[in-house]
Chemist: 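Here it is, the structure in full.
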Amino acid sequence: MEMNYDVEELHQIEEELHAEILPGTEIMADVGSHHFVKGGSHVLVPQPSADPHDPLNWSTFRKTCAIIASTTATFAQGLGPLALAPMFPDYIEAFDSNLADVVKFTGYAILVLGFSNFLWVPLSTSFGRRPVYIFSLLVCVASSIWRAKAMTYNSFMGACILNGIGAGPSESIQPAVIADIFFLHDRGFWNTFYWVAYMGSLMVGPIIAGSMSLHVGWRSFWWLNTALLATACVMIIFMFPETKWHRLHPDEIAHHVQTDAKASPATSTEKVHGSEAVEDPEKPGGNLSQIPTHGTMPDLSHQATAERDPYLGRGSPSKAQWGIYTPSANPLKSLLIDFWVPWKLLAFPIVEFAAFVVSWSCSSFLTLNLTQSQNFAAPPYLYNSQSIGFMNFAILVGALIGLATAGPFSDWISARATKKNRGVREPEMRLPAMIPYVLIMILGNFVVAFGYERKWPWEAIVIIGYTCAGIQVAALPAMVTTYAVDSYKPVAGSLMVAITVNKNVWGYGFSEFITPWIIKSGFLPPIMTNMCLITLWCSFGIVFYFFGKTFRRWTRKDSVHRM
């Protein structure tokens, strides 16, 4: 009976809006008699609970400390895996090897890095984000010390593989943290900020490594990396409380209401009919349910937001949230589910679209990382490792331009479309913002491919080609991952695992074959082929803009929305 009441309420909202409410659809304005907790002019999605320890209620200071520590951990873990590029000549000499073999240091690390998230994400769901960060950073510290001391090719390869295992959370945990502590209208910026911090670490690594390798030897870079990882670990311990927070699902709410009804029918009925339809904070979009007010917040009528959630912006972590770990009710079940869900998500069209765009967009950046020494250390350039490393500044500048423009631009595009749609936001509204960045990506790849092949002046290749690569790799992946997370918020962590595995398998394959391919055919075929594939996958954004809601309708009753 209670669930029927919820369905009637949902139909009432849909009739008032003249729109179908699916997972991923968000109500960003009050609808008729339905009023929501607001932050300024925004309806807050998800709706926060009236608990001072709810991460959504934390003060700006607490949220800032947590995101700074999390971002530092992401940056520190991402610094090592791709820092080797300018040092390839040094490793060839140190280990008596060749270019194709030392490129495998990078390839194996990123392959293992992707699959390691099948370990880290289930652990973060079962025991919390905090212990995963701490333990993974300790693994990275060990691998960095090992790299600094390695004396043989096989020993250094072992350290690279261990680094790949430890660095996994840099690609998957922070998006879940962002979903834990920030509301929907802020996530476009923070997801872009995360992506630039992560990709920025991949860009800054070669800059520092190239210079240090030339002046103080390549081993010194790994000691610096060790110090940075240790600093990040200390910051997590003292600045990052647990952000994982269980929010009631509609099934649980119905169970509580039925229990209340048995205990006190009259009182329970009073409370249910006196409550307001509120979006389930963990479940994407419009699955609205009657929430018993004594279990969550005061009555959601025309009261001021401060009365309904007195702790909004004033909350703080509890003592338990500073503990070593926060186990879920059934950790083993959580581990098994989280191991399976990423594979399942790859069958969802929206997730597959995001995974392919991210994979090939990142491979455009990876191409520059793997080819810069091959091109600029050879005639007619003959640059040393420091000069080649410094060229990555252009990619970093491009990424910062992407940060400054992509997040706000996609949020603005979504907000405009939401306003036209009478306060109802669909995840697909973000997709048109990809268009200028696809054009920038095409320009950058043309300049790099033809510049390498025809030995253009380095200024053209680096200033135009490398900067464009930085802009697109900050923008395109951030937009499509935000789109996918908006569509399947309860499984944000597993979704990032699916995307990361797809990206890193392709990255490994590309790193394995690009060097012999270039030696055989030149720079044009591999780089232009990669550009065509990025354009192809991004062009599917047109299909998803018009039919994305249909794809979400296919999966509306799937169990991923109740996790």
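What you see below is based on every heavy atom in this structure, not just the backbone, and it leaves out hydrogens, waters and symmetry mates.
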Chemist: Does one side chain, of Q321 or H53, offer a donor that lies under 3.5 Å from an acceptor on the other?
Modeler: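 Not at all, the side chains of Q321 and H53 share no donor-acceptor pair under 3.5 Å.
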Chemist: When you check the side-chain N and O atoms of S359 and N502, is any donor under 3.5 Å from an acceptor?
Modeler: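 The criterion, which ignores hydrogens and geometry beyond distance, is satisfied for N502 and S359.
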Chemist: Kindly compute the distance separating CG (L113) from CG (N163), expressed to the nearest 0.5 Å.
Modeler: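 L113 atom CG to N163 atom CG measures 7.5 Å (nearest 0.5 Å).
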Chemist: Side-chain donor-acceptor pair under 3.5 Å between N445 and S364, yes or no?
Modeler: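 Judged by distance alone, the side chains do pair up.
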Chemist: Ignoring hydrogens, what is the shortest heavy-atom contact between L56 and L312? Give both atom names and the distance.
Modeler: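 Scanning both residues completely, I find the closest heavy atoms to be O-CD1, 4.2 Å.
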Chemist: Could you tell me if the ring centre of W190 sits under 6.0 Å from that of Y194?
Modeler: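 So the answer is no for these two rings.
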Chemist: Whether D180 and R129 form a salt bridge (side-chain N of Lys/Arg under 4.0 Å from carboxylate O of Asp/Glu) is what I want to check.
Modeler: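 Yes, R129 and D180 are salt-bridged.
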Chemist: Using only heavy-atom distances, determine whether the side chains of Y133 and S70 contain a donor-acceptor pair under 3.5 Å.
Modeler: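 Present: a donor and an acceptor within the cut-off.
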Chemist: Mind checking whether F118 and W343 have ring centres under 6.0 Å apart?
Modeler: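 Between F118 and W343, the centre distance is under 6.0 Å.
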Chemist: Establish, from distance only, whether the side-chain atoms of Y437 and S361 form a donor-acceptor pair under 3.5 Å.
Modeler: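 No pair is found: no donor N or O on one side chain lies under 3.5 Å from an acceptor on the other.
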Chemist: Would S136 and Q77 count as having a side-chain donor-acceptor pair, cut-off 3.5 Å?
Modeler: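 Their side chains do contain a donor-acceptor pair, which is all the 3.5 Å distance test asks for.
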Chemist: Do R62 and S316 get their side chains close enough for a donor-acceptor pair, meaning under 3.5 Å?
Modeler: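 Checked: R62/S316 side chains show no N/O donor-acceptor pair below 3.5 Å.
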Chemist: Is it the case that the side chains of S414 and D411 hold a donor-acceptor pair, with the cut-off being a distance below 3.5 Å and no angle test?
Modeler: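 Their side chains do not contain a donor-acceptor pair, so the 3.5 Å distance test is not met.
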Chemist: In terms of the angle between their ring planes, are F376 and Y466 parallel, tilted or perpendicular, with boundaries placed at 30° and 60°?
Modeler: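 Because their plane-to-plane angle is over 60°, the rings of F376 and Y466 count as perpendicular.
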Chemist: With rounding to the nearest 0.5 Å, note down the distance linking OH in Y325 to CZ in R130.
Modeler: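 If I round to the nearest 0.5 Å, the distance is 13.5 Å.
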Chemist: Search all heavy atoms of Q372 against all heavy atoms of P86 and return the closest pair with its distance.
Modeler: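 Minimum heavy-atom separation between Q372 and P86: OE1-CG, 4.0 Å.
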Chemist: Might you confirm whether atom NZ of K333 has over 12 heavy atoms from other residues, nucleotides or ligands at distances under 6.0 Å?
Modeler: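 No.
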Chemist: Are W218 and F156 an aromatic pair, judged by ring center distance below 6.0 Å?
Modeler: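 Yes.
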Chemist: Quick one: do S144 and N225 satisfy side-chain hydrogen bond (donor to acceptor under 3.5 Å, both in side chains)? Show the steps, please.
Modeler: CA-CA 7 Å; S144 191; N225 191 46; 3.3 Å; yes
